[in-house]
Number of protein chains: 2
Amino acid sequence: MKLITRNTDYALRAVCYIAQQKKVITVTELVNVLGVPRSFMRKILQKLSKEKILESYKGQGGGFRLRILPKKIFIVQIMRIFQGPVSLNGCFLKKDVCPNKGKCLLRKKINIIENNALMQLRQINIASIIKG
Amino acid sequence: MKLITRNTDYALRAVCYIAQQKKVITVTELVNVLGVPRSFMRKILQKLSKEKILESYKGQGGGFRLRILPKKIFIVQIMRIFQGPVSLNGCFLKKDVCPNKGKCLLRKKINIIENNALMQLRQINIASIIKG
DNA sequence: GCTAATGATACCATATTAGTATCTTTTGTC
DNA sequence: GACAAAAGATACTAATATGGTATCATTAGC
Ligand code: FES
Ligand code: FES
């Protein structure tokens, strides 16, 4: 039961680091600091760049920088980018199986938990992580 | 981001059904009611039996029955059986990478969310689902 | 002894996750 | 302009988890 996968995790840390440094950071630097495989890190950063979280500069002296303020980057965004839509689960059974149709208590209870977790998750942004 | 996998889901419903019927139930009956592949259902029930949630009877007239009261079967138990330990995730990075060591805020925040979700999950038992 | 049930086990298919490799493009520096 | 250092694009591979199937052994009632 993993809420966060490895690439999301790496992405979060990369973004945190970049946010703290406040300058253009190269993959090389990130790889050295985080100890993550280079190619993997590259892929992750490229995606973050495509998704408008980071801004990239090619060529010598290039690298990555935040495109938006740390307090405007929420971890659910990052999760969505690497893990798809953030919602816990639907019902696996074929229609008409559930005795109470739309009133399935199991589903209801799980949905409540899901919503609570999501509401909490949604409040976490990069700023709230790095200013500790 | 799946909180519950398919086998857990099937297991939960099977247990609910068995709890409601209050008699020995065969795989055949469950398969008919839930519309789940037979072999898969068998595997799931056998596991539940091994894990002392169900009691099984071999031979003609055999089948499965609850071994403990519905209110004593918590869904986290079932999740643990099919999905391993219920916790959202640890830290993927190698030791000494996190700048604040034991005080990593990201980790802390995720742990809080995890604990809240778990506390809620832990309160759900089979009895609370079926008496709706 | 037959049949209807579960137990044990091994296998297969698919999807997701994690990671690698390679070639192209851009840009600053000499 | 050549070179080197960076990211962009893309395709491939490996490992793991999930979902499911198949088969033979064992037990117990009739
Ligand atoms: S069985 Fe699907 S919602 Fe209850
Ligand atoms: S980096 Fe692992 S806990 Fe912070």
Side-chain angles (χ1 to χ4, degrees), chain A residues 1-11 13-14 18 23-32 34-67 78-86 89 92-94, chain B residues 1-11 13-14 18 23-32 34-65 67 79-86 89 92-94:
Chain A
M1 182 170 130
K2 257 184 311 190
L3 189 60
I4 283 181
T5 57
R6 217 170 262 237
N7 41 15
T8 304
D9 198 273
Y10 293 168
R13 283 175 225 286
I18 295 169
K23 56 168 187 170
V24 171
I25 305 290
T26 66
V27 169
T28 304
E29 181 170 350
L30 279 167
V31 162
N32 289 338
L34 300 180
V36 160
R38 181 185 180 79
S39 296
F40 200 29
M41 190 81 260
R42 266 175 33 83
K43 198 158 78 168
I44 288 167
L45 292 171
Q46 284 181 13
K47 207 160 190 185
L48 288 170
S49 187
K50 259 192 204 156
E51 300 284 343
K52 314 289 188 190
I53 306 287
L54 299 179
E55 202 162 28
S56 74
Y57 302 93
K58 283 170 135 186
Q60 218 171 30
F64 299 88
R65 189 160 64 171
L66 289 197
R67 184 176 301 216
I78 314 262
M79 290 174 71
R80 246 193 302 268
I81 290 170
F82 295 99
Q83 302 173 209
V86 175
N89 74 311
F92 290 124
L93 292 184
K94 299 165 193 153
Chain B
M1 184 169 130
K2 258 184 311 189
L3 189 62
I4 282 183
T5 57
R6 217 170 263 240
N7 43 14
T8 305
D9 198 276
Y10 293 169
R13 284 175 224 288
I18 293 170
K23 57 168 186 170
V24 171
I25 305 290
T26 67
V27 168
T28 304
E29 181 170 350
L30 279 167
V31 162
N32 290 337
L34 300 179
V36 160
R38 182 185 180 79
S39 295
F40 200 29
M41 190 80 262
R42 267 180 26 89
K43 199 158 76 167
I44 289 166
L45 292 171
Q46 283 182 14
K47 207 160 189 184
L48 287 170
S49 186
K50 257 191 203 157
E51 300 286 342
K52 314 288 187 190
I53 306 286
L54 300 179
E55 203 162 27
S56 74
Y57 302 93
K58 282 170 135 186
Q60 219 170 32
F64 298 89
R65 189 159 65 172
R67 184 176 301 215
M79 290 173 70
R80 245 193 302 268
I81 290 170
F82 294 98
Q83 301 172 211
V86 175
N89 75 312
F92 289 125
L93 292 185
K94 299 165 193 153

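In what follows, every chain begins at residue 1, and chains take the letters A, B, ... in the order their sequences are listed.
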Original post:
At their closest point, which heavy atom of B:Ile44 faces which heavy atom of B:Ala11, and how far apart are they?
Top reply: CG2-CB, 3.7 Å

**OP:** Looking only at non-hydrogen atoms, find the nearest pair between B:Asn7 and B:Phe82 and report the distance.
**Re:** OD1-CB, 3.8 Å

**OP:** Give the rounded distance in Å between these two atoms: CD of A:Glu55 and P of D:dA6.
**Re:** 18 Å

Original post:
Between D:dG20, D:dA6, C:dG19, which nucleotide gets closest to the side-chain atoms of A:Thr26?
Top reply: D:dA6

Original post:
Where is the tightest heavy-atom contact between B:Val31 and B:Val36, given as atom of each residue plus distance?
Top reply: CG1-O, 3.6 Å

Original post:
Do any side-chain nitrogens or oxygens of A:Arg38 fall under 4.0 Å of OP1 or OP2 in C:dT20?
Top reply: no

**OP:** Hey, which sits more toward the 5' end of DNA chain C by its nearest nucleotide, B:Thr28 or B:Lys50?
**Re:** B:Thr28

Subject >> Value in whole Å for how far the P atom of C:dA18 lies from CG of A:Leu45 >> reply: 16 Å

Original post:
Checking all strands, does B:Ser56 fall into the base, sugar-phosphate, or nothing category for heavy-atom contacts under 4.0 angstrom?
Top reply: sugar-phosphate

Subject >> Rounded distance in Å - CD (B:Gln83) to P (D:dG19) >> reply: 8 Å

**OP:** Report which part of the nucleic acid B:Ser39 touches: base, sugar-phosphate, or nothing (heavy-atom distance under 4.0 Å, all strands).
**Re:** base

Original post:
Between B:Ile4 and B:Asp9, what is the shortest heavy-atom contact and its length?
Top reply: CG2-N, 3.9 Å

Subject >> Distance, rounded to the nearest Å, where A:Asp9 contributes CG and C:dT16 contributes P >> reply: 21 Å

Subject >> Spacing of B:Leu54 atom CG relative to C:dG7 atom P, expressed in whole Å >> reply: 9 Å

**OP:** Please report, rounded to the nearest Å, how far the C1' atom of C:dA5 is from the NZ atom of B:Lys23.
**Re:** 15 Å

**OP:** Just call it for B:Lys43: base, sugar-phosphate, or nothing, with non-hydrogen atoms closer than 4.0 Å on any strand.
**Re:** base

Subject >> Distance-only donor-acceptor check, side chains A:Arg38 and A:Thr28, under 3.5 Å >> reply: yes

**OP:** Calculate, to the nearest 0.5 Å, the distance between atoms CG and CZ belonging to B:Leu34 and B:Arg13 respectively.
**Re:** 8.0 Å

**OP:** Name the closest nucleotide to the A:Phe40 side chain, picking from C:dT9, D:dG20, C:dA18.
**Re:** C:dA18

Original post:
For B:Leu30 and C:dA5, what is the distance between atoms CG and C1' respectively, to the nearest whole Å?
Top reply: 13 Å

**OP:** For side-chain contact (heavy atoms from CB on, under 4.5 Å), just list the numbers for A:Phe64 and A:Leu48, CA-CA rounded to whole Å, side-chain angles, deciding distance to a tenth of an Å, and then say yes or no.
**Re:** CA-CA 10 Å; A:Phe64 299 88; A:Leu48 288 170; over 6 Å; no

Original post:
Atom CE of A:Met41 and atom OG1 of A:Thr26: how far apart are they, to the nearest 0.5 Å?
Top reply: 11.5 Å

Subject >> Footprint string (nucleotides 24-30 of chain D, 5' to 3'): B base within contact, S backbone only, - free, heavy atoms under 4.0 Å >> reply: --BBBBS

Subject >> Closest listed nucleotide, where the reference is the side chain of A:Val27 and the choices are C:dT6, C:dG19, D:dA7 >> reply: D:dA7

Subject >> Gap between atoms NZ and C1', on A:Lys47 and D:dA7 respectively (whole Å) >> reply: 17 Å

Subject >> Per B:Pro37 side chain, nearest of listed nucleotides C:dT17, C:dA8, D:dG20 >> reply: D:dG20

**OP:** Describe the nucleic acid contact of B:Ser49 in one word from base, sugar-phosphate, nothing, applying a heavy-atom distance below 4.0 Å.
**Re:** sugar-phosphate

